[in-house]
Amino acid sequence: MERHWEFFLAPYKQAVEELKVKLKGMRTQFEMQGIHSPIEFVTGRVKPIASILDKAQKKNIPLDQLEQQMQDIAGLRMMCQFVDDIQTVVELLRKRNDFTIVEERDYITQKKESGYRSYHVVIRYPVQMIYGEKNILVEIQIRTLAMNFWATIEHSLNYKYSGKFPEDIRQRLQRAAEAAYLLDEEMSKIRFEIQEAQAAFSRKQEVKENE
Ligand code: 0O2
């Protein structure tokens, strides 16, 4: 990797690693108390250089403005079991004092034309570098497992077709997005039963481990 990119991306890498630990820590705290965690799992990545250059070109972002204008060079994803968990997670993020929220985008009540659903929170995160503090933008995407399944599949197809889907595939993806939405709705309706079963299962595991 070119030295210039290595230096530019260093605080982003640092931020992703730190935030993965912090956000996963939230899940651990729920587990410790034996209550349903609104967070199922957390992933994070730094955008590959080729994707940064691609997006900069598409959105007309000058390369010396990346820091200010590209919000998802550092990206975290928080997956939830239920749609209602998403708001719980957003509220937990709003209460934190290790970063500030600069923007929220609700693609759940207002899904994208593609069928994409997720809740995006953009934060300003201070990274401690050896030459001082650096504030960078980080995008946190919060979504259900069903929303994540759809987005992952659509993203790989998008790559294959460079965003220009044949009509039948576009329609199928729209239908799949609706099916994912229905799945979330159905799961929400039996949420209580699911959680009871999960709690009983983890109690059983605990007993086994202590035997
Ligand atoms: P990658 O590979 O995930 O990093 P824009 O690019 O204009 O749509 P903007 O203003 O940068 O969006 O921010 P926005 O809308 O919050 O979304 C950016 C990211 O959200 C995308 O990053 C995706 O991760 C995700 N996303 C948004 N729309 C879609 C969609 O229709 N399908 C899927 N699968 N993901 C979506 P990148 O840079 O596109 O890609």
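Index from 1, following the sequence. Counting starts at 1 for both ligands and their atoms, in listed order.
- At a 4.0 Å cut-off, at least one heavy atom of Gln141 sits close enough to ligand 1 to count as contact.
- For atom 8 (O) of ligand 1, the nearest protein heavy atom (residue, atom name, distance) is Lys112 NZ, 2.7 Å.
- Side-chain contact of Arg124 with Gln71: a donor-acceptor pair under 3.5 Å is absent, judged by distance alone.
- At a heavy-atom distance under 4.0 Å, only side-chain atoms of Arg45, from C-beta outward, approach ligand 1.
- In this structure, atom 33 (C) of ligand 1 lies nearest to the protein heavy atom Glu154 OE1, 3.2 Å.
- The residue from Gln71, Arg105, Met147, His155 that puts a heavy atom closest to atom 13 (O) of ligand 1 is Arg105.
- Taken together through direct or relayed side-chain contacts under 4.5 Å among Ile, Leu, Val, Met, Phe, Trp and Tyr, Tyr12 and Leu137 form parts of separate hydrophobic clusters.
- If you number the atoms of ligand 1 from 1 as listed, the ones under 4.0 Å from a heavy atom of Lys59 come out as 5 (P), 7 (O), 9 (P), 10 (O), 11 (O), 12 (O).
- The existence of a salt bridge linking Lys95 and Glu91 is excluded, since no basic side-chain nitrogen approaches an acidic carboxylate oxygen closer than 4.0 Å.
- In Thr152, neither the side chain nor the backbone holds a heavy atom less than 4.0 Å from any atom of ligand 1.
- Of all the atoms in ligand 1, the ones that sit under 4.0 Å from a non-hydrogen atom of Ser114 are 30 (C), 31 (O).
- Aromatic ring pairs are classed by plane angle as parallel below 30°, tilted from 30° to 60° and perpendicular above 60°; the pair Tyr107 and His120 is perpendicular.
- Residues Glu139 and Gln141 have side chains that bring a donor and an acceptor to within less than 3.5 angstrom of each other.
- Geometric assessment of Arg143 against the ring of Tyr119 yields a negative cation-pi assignment under the 6.0 Å and 45° thresholds.
- Considering Trp150, Tyr116, Tyr119 only, the shortest heavy-atom separation from atom 36 (C) of ligand 1 involves Tyr116.
- Looking at Glu139, Lys55, Lys47, it is Lys47 that brings a heavy atom closest to atom 40 (O) of ligand 1.
- Remark: ligand 1 atoms within the under-4.0 Å shell around heavy atoms of Ala151 are 34 (N).
- Among all protein heavy atoms, the one lying closest to atom 17 (O) of ligand 1 is His120 CE1, 3.5 Å.
- The two atoms that bring Gly44 and Lys20 nearest to each other are N-CD, 3.8 Å, heavy atoms only.
- Between Arg175 and Glu178 there is no salt bridge, since no side-chain nitrogen of the basic residue lies less than 4.0 Å from a carboxylate oxygen of the acidic one.
- Each of the atoms 3 (O), 24 (O) of ligand 1 lies under 4.0 Å from some heavy atom of Arg77.
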